[in-house]
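Here is the structure we will look at.
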Amino acid sequence: MTGPDGPHRASGSDGGDFRPAGGGSDLAREEEERAVEQALALVGGTTLRPSRGRDIPGTPGTPGTPRASGASGGDLSSGPTGNGQDRSASTDSASTDSAPVGGSPAGNGPSAGGPSGGARAAAQASGSDQRPRPGGSSSEAPAPNTEPATPKAPPLSWDRARAVATRAGRTGPPATIRLPLDRALGHVLAEPLGALTDLPSFDTSAMDGWAVAGPGPWAYEAGAGLLAGRGPDTPLPDGTAVRIATGARVPPDTTAVIRSEHAHPDEAKGLLHARRSVVTGQDIRPRGQECRSGEQLVPAGTVVTPAVLGLAAAAGYDALPAVPRPRVDILVLGDELLAAGLPHDGLIRDALGPMLGPWLRALGAEVAGPVRLGDDAGALRDALASSDADLIVTTGGTASGPVDHVHPVLDALGAELLVDGVAVRPGHPMLLARLPAPGQMKGQAEGPYLVGLPGNPLAAVSGLLTLAEPLLAGVAGRPAQDAYRALVHAEVHGHPHDTRLVPVVHRAGRAGGRDHVAPLRYNGPAMLRGIAAADGLAVVPPGGVRSGTEVEILDLPWAPATPWTEGCFT
């Protein structure tokens, strides 16, 4: 029986086989399958079989391929998966990157990996033939569909992957909350900030000195004069002067303010003389000089800095309309990771757990402490299914090794893969997925996003800047950053087919030369020494670039302002 998303499972205690309509005997199907494989082998092809759907015990079946009543699933323990296929090991130099499920970059088209929907089983990447043979043990997986599945599409280009992440973060209008000024720092404005009053709201003195009316000399009376926040609102008679402090309200009919150092009071005669010529309006800040009531001060999407807080207070605000910070959970995978001490006996220190939280906070997120799960598929499934975050970030487990559980767990939960592999080095096994809401199936209420980062540290940084940064910017309501380019001094080797992200540092030009960026040496997938000294990553196209070429630059969130990042919201 065939459903809207592909062939349904036949009834049976083990969930049944994927069978095409009108299938013949087991022997006929076996002969047909062998003939197809032999023909593919002659032209260098491989067979890719559809996933068996959900292989975690107690998890509902994939939409479109439901399990029959009483069906039992496999497990996601180390070693063979529930469909009898081992997940082959993968390194950053492998060429079998995953591809987006859904056909289109946004993942909203037909599945490119077979009828199961959701994430494809990672074992398909190997293309290995591990179907049970006649006479095999009953514990082996049943024979899959005799029709060869669609081969995996190539990974998305780096530009397209970032575009998918950007669109995913902007699928709906951001929420709005009102925060008092003392809690709004670091948030993003959900609405434009308009002035609630003229600034200044009355004519004020810009200097300590004398307010005068008409031509001099001016008669004055001894005394403290006009102070900020006090003073009568009576006009200043022509030919008179009064002492005035900075910020004090200027009396009506005032011609100018004379600075104290430019004035000579003759106490004996009670007359004030100007040491310099007096220009009408000098040293007076007129009402509305900075802005008029209702005028936009800063646009929506502006990050609330201390200066924005001061401007908002001056304009009359007690609270600001802000976008809630995206909430992020971090799940650290890998049994080989140590939380403390020196590496030993094949164990290594976890570099990503301490790094990701501060990095994501610098991107404007509210981040929970990292949770270390090891290589436990059940724990990963439970953590994903119970998270109420806006984004889940996982480290490692995105390739197709024997304990890389991210793809099978996503498949089991009915996640939609938006990006499954990116043509970028380092970091090509990265992925972006959308989980269903707790208790829902794929196609119903939407749950959190998931960015799966490779386990190598610099590869994980690549994934952060490729997928997590543009996604979080959209969820947080920040406008997309304008790309900019800079000269690179030195030849930078490239990958034959993929984009490279290379740590660089900005350098000022000498003797009239242009400012530029210089690549840093330590840029291997497992290295953090280069990125620790960098203030950006150069986007190197396939084939590399020559010295003196302009390349796109990705700034790090803590990088200082440079000539290439100028910009103002006024």
Side-chain angles (χ1 to χ4, degrees), residues 158-159 162 165-166 186 188 302-303 305-307 351-352 354-365 367 393 424-427 430 451 453-454 456-473 476 478-494 499-511 513-541 544-569:
W158 182 79
D159 288 333
R162 275 181 61 88
T166 299
V188 173
T302 300
V303 178
T305 63
L352 297 181
M355 181 178 73
L356 291 181
W359 197 307
L360 291 163
R361 291 186 189 97
L363 294 176
V367 187
V393 175
V424 66
R425 305 299 169 125
M430 67 181 73
V451 170
L453 303 178
N456 275 326
L458 188 57
V461 169
S462 174
L464 271 180
L465 295 181
T466 301
L467 299 178
E469 186 272 333
L471 176 74
L472 286 174
R478 301 178 187 232
Q481 292 189 0
D482 292 333
Y484 73 94
R485 304 176 71 83
L487 286 178
V488 59
H489 274 204
E491 182 178 355
V492 183
H493 297 291
T499 299
R500 280 191 71 205
L501 300 182
V502 179
V504 295
V505 63
H506 289 91
R507 303 289 191 197
R510 296 181 180 178
R514 291 180 58 182
D515 294 337
H516 61 276
V517 295
L520 298 173
R521 288 178 53 197
Y522 299 97
N523 52 34
M527 298 180 179
L528 287 175
R529 186 171 174 180
I531 196 69
D535 50 24
L537 288 173
V539 182
V540 180
V545 295
R546 296 177 180 273
S547 179
T549 303
E550 285 193 344
V551 293
E552 182 178 349
I553 302 295
L554 299 177
D555 280 329
L556 301 182
W558 52 84
T562 69
W564 301 283
T565 57
E566 73 263 358
C568 186
F569 44 65

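One is the number of the first residue; the rest follow in order along the sequence.
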Before you tell me yes or no, could you show the steps for V551 and V539 under side chain to side chain contact (heavy atoms under 4.5 Å, CB included), namely the whole-Å CA-CA distance, both residues' side-chain angles and the distance that decides it to 0.1 Å? CA-CA 6 Å; V551 293; V539 182; 5.9 Å; no
Around atom CZ of R361, are there more than 12 heavy atoms from other residues, nucleotides or ligands closer than 6.0 Å?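 For R361, atom CZ is crowded (more than 12 foreign heavy atoms under 6.0 Å).
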Might you point out which heavy atoms bring [X] and [Y] nearest each other, and give the distance in Å?
X    : Y    : answer
A486 : V517 : CB-CG1, 4.1 Å
L528 : A351 : CD1-CB, 3.9 Å
P426 : S462 : O-OG, 2.8 Å
G544 : V540 : CA-CG1, 3.7 Å
P454 : A460 : O-CB, 3.6 Å
A538 : V504 : CB-CG1, 3.6 Å

Test your reading of the model: is there a side-chain donor-acceptor pair from R485 to the backbone of T549, 3.5 Å cut-off?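 Judged by distance alone, no pair lies under 3.5 Å.
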Answer yes or no: is there a donor N or O on one side and an acceptor on the other, between the side chain of R478 and the main chain of V188, under 3.5 Å? no
Just verifying a value: how many Å separate [X] [atom1] and [Y] [atom2], rounded to the nearest 0.5 Å?
X    : Y    : atom1 : atom2 : value
L537 : I553 : CG    : CD1   : 8.5 Å
R162 : L554 : CZ    : CG    : 5.5 Å
L360 : L464 : CG    : CG    : 5.5 Å
H493 : N523 : NE2   : CG    : 10.5 Å
L465 : L363 : CG    : CG    : 7.5 Å
R425 : R500 : CZ    : CZ    : 10.5 Å

Determine, stepwise, if the pair T466 / L501 fulfils side chain to side chain contact (heavy atoms under 4.5 Å, CB included). CA-CA 10 Å; T466 301; L501 300 182; 3.9 Å; yes
Just do the side chain to side chain contact (heavy atoms under 4.5 Å, CB included) check on V424 and M430 with the steps written out, would you? CA-CA 9 Å; V424 66; M430 67 181 73; 3.7 Å; yes
Can you check whether I531 reaches L556 side chain to side chain, under 4.5 Å on heavy atoms? yes
Do D555 and Y484 have side chains that approach each other closer than 4.5 Å (heavy atoms only, starting at C-beta)? yes
Taking the six-membered ring for Trp, are W558 and W359 parallel (under 30°), tilted (30 to 60°) or perpendicular (over 60°)? perpendicular
